[in-house]
Amino acid sequence: MARPFDVKTIERRWQARWRDEGTYEVDNDDPRERYYALCMYPYPSGSAHQGHVRIYTFGDVVVRYQTMLGKAVLSPFGFDSFGLPAENAAIKAGSHPRLFTEERIVELKSSLIRLGAVYDWRREVRSHDPAYMRWSQAIFIAFYKAGLAYRAEAPVNWCPGCGTVLANEQVLADGTCERSGDLVERRNLEQWFFKITDYAEELLSGLTTLEWPERIKTMQRNWIGRSEGVEFDLAFASDPTKALRVFTTRPDTGFGVTYAVIAPEHPLLEELTADEHHATVRALVQRASKESEIVRTASSEGGAALEKRGAFTGSYVVNPFSDEPVPVYVADYVLGTYGTGAIMAVPGEDERDYAFAEVYGLPVVRTTRPPEDFEGGAYSGDGEHINSGFMDGHEIADAKVLATAFLVSKANGHATVNYRLRDWLVSRQRFWGCPIPMVYCSQCGVVPVPDDQLPVLAPDDVVMDRTGQSPLATHEAFRTTTCPVCGAPAQRETDTMDTFNDSSWYFLRYADPWTPGVAFDPKEVAKWMPVDQYVGGIEHAILHLMYARFYMKALVDIDWAPNIAREPFSRLFSQGMIRLSGTKMSKSKGNLVAPEEYYDTVGADGLRLFHLFAGPPADDFDWTDQTDEIIDGCGRFLDRFYRLAQGHEVNYHEDLDETDVAVRQAVHRAIVRVTDEFEHWSHNIAVAAMMELLNTVSKWARSEHGAQPTVLDEAIDTMLTLLAPMAPHLTAEMWEHRHPEEKSVHQQPWPVADPALLKRDTVTMVIQINGKVRARLQVPPEISMADATTEALEDAVISAALAGVTPKRIVSRPPRLVNIIT
RNA sequence: GGGGGCGUAGCCCAAUUGGCAGAGGCAAGGCGCUUAAACCGCCUCAAGUGAGGGUUCGAGUCCCUUCGCCCCUACCA
């Protein structure tokens, strides 16, 4: 591609200048209005791919645009540098994950610099930096001391491929590991948890205050899964002093309870199991205990399989509504970790209960009258209650109130709320993560590592095999220590933290990585938080964004973070994915298109423009055979603009005339359009508006009549400022040529449109007869309804078409149209 | 099974939020420039909005039905 300028030289030159002059470094005492622009920090996987280019281009446009608006923009960067891929790669290569990771960081950083993305690199954060780990660990200890971290034995998802436990969030719907694809097993292990469930209600209610995509808020709401209901006792038929406690969201269906179900891991199961049923119950419990929750709750199995999934215990409990005894079953479709781990089963109104009842021949009692035409088993819709004693005739809402009161008085009941959200399992049995800073002493129990001994760092000579235990546990010198309290021999915790911990507070560290003795100074953090604009991928809709919200709230509550923002990210934008023939473009799929090849042809500016132009930023983009041609087109646009600015084939005239005014109007309308589209994340239209403007200006300037020089200068300078956030190198270069004595285009104020030039003298008004366009009139934009009607009727074409017919009705919508109905 | 999104020229996408279906780009074709080609410049081409129905003076936009594709989620009592 022959270009009118040397793209490589220009881009490298400006990148060096931004770095050397610290153009986008910003201090915490900057007097300007503050703006915190943040892109999710990447896992360093090597050179940037198009997905990186896309997100960091959007982010960079925000930074440069907000800067031109006169704000002090905090634009930090860092690397989420702990994680499995580095560890696996190191195992394979026989090297150390640190070496591997740091090489990848150098690669990624250099390709982002070549993209022209600008950051305050003084604030760079790397998860694996001991200076950062020290505080990740201090936060862990602070959470522990605040009662937010606890250790418990729990059934966990164990991935045999990764040799570690996984969070529920890392297990796919089919029960396989999201990373290795192996079938996840269930194991009971002692693990560390964070009490994110303490914040369930706030994590839910806080969503309403956030300017986030509705889709992501919905996903978080579903993940939290709030249900209102009643907890109450089902007394043992054999012994009324004992009871099975259950939770239901449908207490109103109580008269339809024909059996109860208890989870395989429920503590009362043993007691409820009659001797002759022990064998079948034990078999079921054993089978369930091996499967992950995800597999257990996978719904695809039919009736035949259900038979293996439940068993009668031989015991009965009493339905408090009917006072009838009902059988107690154990079944794996009831989870020990939700609600009370036991349910009242209502096959008439619950599909799962119905399916189970069918298999086991249990009775079905309807308590809600289904519609006449209802066919099928369970009916969960609203309707008049039947077979329900004191609730008969009431609909669900009323009946729930009555049933709740009944259970409160009769069955030790109380209204309660349950959440699907579970506490966050943070232990990982891997090497390349932040060690959990705890010591186990046989005398003193669990003891946090003292502050002056942080960070706890892993030694370098650890064998990272896959024996299924933590690599650190195999390192004797690391594992054995002395108790910080009593000095007796003790053992270190050898698990590391889930890497989502690192990404849950990095944005706070960015705001103040400098104050000694603290993770960050709340006073400094208060100057920037909350983040004004967060940009990142949809894949983090639940995990990272939920955990970071939890950390923020918890850090405020332990007085580490300022009590000004309990929500870390005010606005969130989630860009679409790049796909290649329908699948996500990713390194693991090996279908990357490297940006480097474009840096030498259309340049970073051309590639950036393409990503902005390619389609709505929120939508996925399909990379196809045609994509290179679109990218070339973006490069051509820059070339045309450059030539115009050089005066190539431009003609001139002296005196201002109406063609010049028309161009000025186009320029000022473009200011409004580009500004609006930036605000609404419609960069594709902003670029289109710039292309349109260039077409207009270019045609005018290259016509025989030519351009008025002052107007042409205004047009080109305005276009340079509007384009500056999108194509920062070339615009900076061109601006410097035109205004060598002035500050860089990136330090120019964002242009403001002159209202007088936005005003149109006339607009086209459409005259329709019965909805068909018959005439177009030029009218003043402020024309009244009456005048619009009059002008329409007086139009020659219209009056001829009407031919004396009196209109039935005239719809006048000035200045857009008049519709005459005959 | 539940939730969400998207179907507009050959392709990617706009459409003042209910008011003339076309802003921009790609591709294709033509002309000019050129010894020729590339580049460059100018011009042209094309859909009635997946299908059907409804509301309305008026529907790409709102409602219902239906088809196709994509994403998320999945026994949470």
Side-chain angles (χ1 to χ4, degrees), chain A residues 1-4 173 213-216 218-219 221-223 225-227 229 246-250 261 263 293-294 296-301 306 309 331-335 337-346 350-353 355-356 418-422 538-539 541-542 576-577 579 582 610 613-616 618-622 624-634 636-637 639-640 643 648-649 673 682 684-695 698-699 702 764-773 775-776 807-813 816-822:
Chain A
M1 189 174 192
R3 307 198 68 180
E214 209 48 52
R215 189 158 67 117
I216 294 185
T218 303
M219 285 165 74
R221 282 192 192 101
N222 292 340
W223 191 259
R226 183 182 198 275
S227 322
V246 296
F247 171 75
T248 182
T249 54
R250 290 291 304 275
V261 185
E293 240 177 46
I294 308 281
R296 235 174 84 182
T297 55
S299 61
S300 51
E301 286 169 294
L306 257 179
R309 303 182 56 193
D332 65 3
Y333 81 86
V334 172
L335 308 175
T337 47
Y338 183 78
T340 61
I343 61 159
M344 62 176 221
V346 189
D350 183 283
E351 275 181 41
R352 292 154 300 168
D353 296 347
F356 192 83
N418 264 305
Y419 299 91
R420 211 187 76 116
L421 183 73
R422 308 295 162 77
I538 188 78
E539 65 272 23
I542 296 175
M577 280 187 304
R579 297 170 178 284
F610 156 74
F613 180 60
D619 289 5
D620 288 350
F621 177 80
D622 253 314
T624 67
D625 296 345
Q626 230 186 65
T627 300
D628 276 350
E629 284 161 345
I630 299 173
I631 296 173
D632 285 346
C634 292
R636 270 202 298 276
F637 163 75
D639 293 352
R640 290 179 59 209
R643 279 192 220 100
H648 182 70
E649 291 179 5
R673 288 179 64 189
S682 299
N684 54 326
I685 313 173
V687 175
M690 291 308 300
M691 290 173 167
E692 186 182 353
L693 179 61
L694 176 62
N695 289 345
S698 176
K699 206 166 199 172
R702 302 171 69 159
T764 304
M765 184 169 75
V766 173
I767 315 302
Q768 299 178 328
I769 297 179
N770 295 328
K772 284 182 73 177
V773 178
R776 293 182 173 88
K808 281 206 198 88
R809 185 178 164 191
I810 297 176
V811 180
S812 183
R813 291 284 178 277
R816 215 154 283 164
L817 94 164
V818 173
N819 191 6
I820 300 162
I821 317 303
T822 59

Quiz item: B:G41 phosphate, OP1 or OP2: any side-chain N/O from A:Arg640 under 4.0 angstrom?
Solution: yes
Quiz item: Separation of A:Ile216 atom CD1 from B:U73 atom P, in whole Å?
Solution: 12 Å
Quiz item: Should A:Glu629 and A:Arg636 count as an ion pair when the cut-off is N to O under 4.0 Å?
Solution: no
Exercise. Using the C1' atom on both, measure B:G41 against B:U34 and round to a whole Å.
Key: 13 Å
Quiz item: Of all residues at least two apart in sequence or in a different chain, which pass the salt bridge (Lys or Arg N to Asp or Glu O under 4.0 Å) check with A:Asp620?
Solution: A:Arg579
Quiz prompt | A:Ile216 CD1 to A:Ile538 CD1 distance, which is reported to the nearest 0.5 Å | solution = 4.0 Å
Practice problem: Rounded to the nearest angstrom, tell me the gap between atom CD1 in A:Ile820 and atom C1' in B:G58. | Solution: 14 Å
Quiz item: Going from CZ on A:Arg673 to CG on A:Leu693, what distance comes out if it is rounded to the nearest 0.5 angstrom?
Solution: 9.0 Å
Self-check item: Complementary nucleotide for B:G29 - Watson-Crick or wobble, under 3.5 Å
Solution: B:C43
Quiz prompt | A:Glu629 CD - B:A28 C1' separation (whole Å) | solution = 11 Å
Self-check item: d(CZ, A:Arg215; P, B:G2) in whole Å
Solution: 20 Å
Exercise. In whole angstrom, give the distance that lies between atom CD1 of A:Ile810 and atom P of B:G58.
Key: 16 Å
Exercise. Between A:Gln768 and A:Ser698, just flag the one whose closest nucleotide in RNA chain B comes earlier from the 5' side.
Key: A:Gln768
Quiz item: Who is the Watson-Crick or G-U wobble partner of B:C6, with both distances under 3.5 Å?
Solution: B:G68
Quiz item: Does B:G19 have OP1 or OP2 sitting under 4.0 Å from an N or O in the side chain of A:Lys772?
Solution: no
Exercise. For nucleotides B:G58 and B:A21, find the distance between their C1' atoms and express it as a whole number of Å.
Key: 14 Å
Quiz item: If only atom types and distance count, is the side chain of A:Arg809 paired as donor or acceptor with the main-chain N or O of A:Pro807 below 3.5 Å?
Solution: no
Exercise. Measure from the side-chain heavy atoms of A:Arg420 and tell me the nearest of B:C40, B:C57, B:A74.
Key: B:A74
Quiz item: Within the structure, does a side-chain N or O atom of A:Arg776 lie under 4.0 Å from either OP1 or OP2 of B:C20?
Solution: no
Quiz prompt | C1' atoms of B:G24 and B:C62, separation to the nearest Å | solution = 28 Å
Practice problem: Kindly check if the number of other-residue, nucleotide or ligand heavy atoms within 6.0 Å of CZ (A:Arg702) is above 12? | Solution: yes
Practice problem: State which of B:A23, B:C76, B:G19 makes the closest approach to the side chain of A:Ala688. | Solution: B:A23
Quiz prompt | Under-4.0 Å side-chain N/O to phosphate OP1/OP2 contact, A:Asn695 with B:G25 | solution = yes
Exercise. Spell out, as yes or no, whether a donor-acceptor pair under 3.5 Å connects the side chain of A:Asp639 to the backbone of A:Pro4.
Key: no
Quiz item: What does A:Thr764 touch in the nucleic acid at a heavy-atom separation under 4.0 angstrom: a base, only the sugar-phosphate, or nothing?
Solution: base
Exercise. Give the nucleotide from the list B:G25, B:G41, B:A77 with an atom nearest to the side chain of A:Arg643.
Key: B:G41
Quiz item: If the sugar-phosphate is the primed atoms plus P, OP1 and OP2 and the base is the rest, what is the B/S/- string for nucleotides 11-17 of chain B, using protein heavy atoms under 4.0 Å?
Solution: BSSSSB-
Quiz item: Under 4.0 Å between a side-chain N/O of A:Arg352 and OP1 or OP2 of B:C76, yes or no?
Solution: yes
Self-check item: Distance in Å, A:Glu692 CD paired with A:Asn695 CG, rounded so as to fall on 0.5 Å steps
Solution: 7.5 Å
Quiz prompt | B:G3 to B:C57 separation - C1' atoms, rounded to the nearest Å | solution = 38 Å
Self-check item: Syn-anti status, with the boundary at 90° from 0, for the nucleotide B:U17
Solution: syn
Quiz item: Taking the same atom, C1', in B:A59 and in B:G19, what whole-Å distance lies between them?
Solution: 10 Å
Quiz item: Side chains of A:Arg813 and A:Asn819: is there a donor and an acceptor less than 3.5 Å apart?
Solution: no
Quiz item: Side chain of A:Ser227: nearest nucleotide among B:C57, B:G41, B:C76?
Solution: B:C76
Quiz prompt | Same-atom distance (C1') from B:G7 to B:G50, integer angstrom | solution = 6 Å
Quiz item: Where does B:G48 land, syn or anti, given syn is within 90° of 0?
Solution: syn
Exercise. Could you tell me which nucleotide pairs with B:G1 by Watson-Crick or G-U wobble geometry, both distances under 3.5 Å, or answer none if nothing does?
Key: B:U73
Self-check item: Interatomic distance, A:Arg636 CZ vs B:C26 C1' [rounded to whole Å]
Solution: 8 Å
Exercise. May I have the distance from A:Leu817 (atom CG) to B:A59 (atom P), rounded to whole angstrom?
Key: 12 Å
Quiz item: Considering only side-chain heavy atoms of A:Asn819, which listed nucleotide, B:A74, B:G19, B:C43, is closest?
Solution: B:G19
Quiz item: For A:Thr627, what residues pass the side chain to side chain contact (heavy atoms under 4.5 Å, CB included) criterion, not counting sequence neighbours?
Solution: A:Phe610, A:Phe621, A:Trp623, A:Thr624, A:Ile631
Quiz item: Tell me: CD of A:Glu649 to P of B:G32, nearest whole Å?
Solution: 17 Å
Practice problem: Scan A:Glu351 against the nucleic acid and name what it touches under 4.0 Å (heavy atoms): base, sugar-phosphate only, or nothing. | Solution: nothing
Quiz item: Can you tell me how far P in B:G10 sits from the matching atom in B:A28, rounded to whole Å?
Solution: 15 Å
Quiz item: When the C1' atoms of B:U8 and B:A51 are considered, how many whole Å apart are they?
Solution: 15 Å
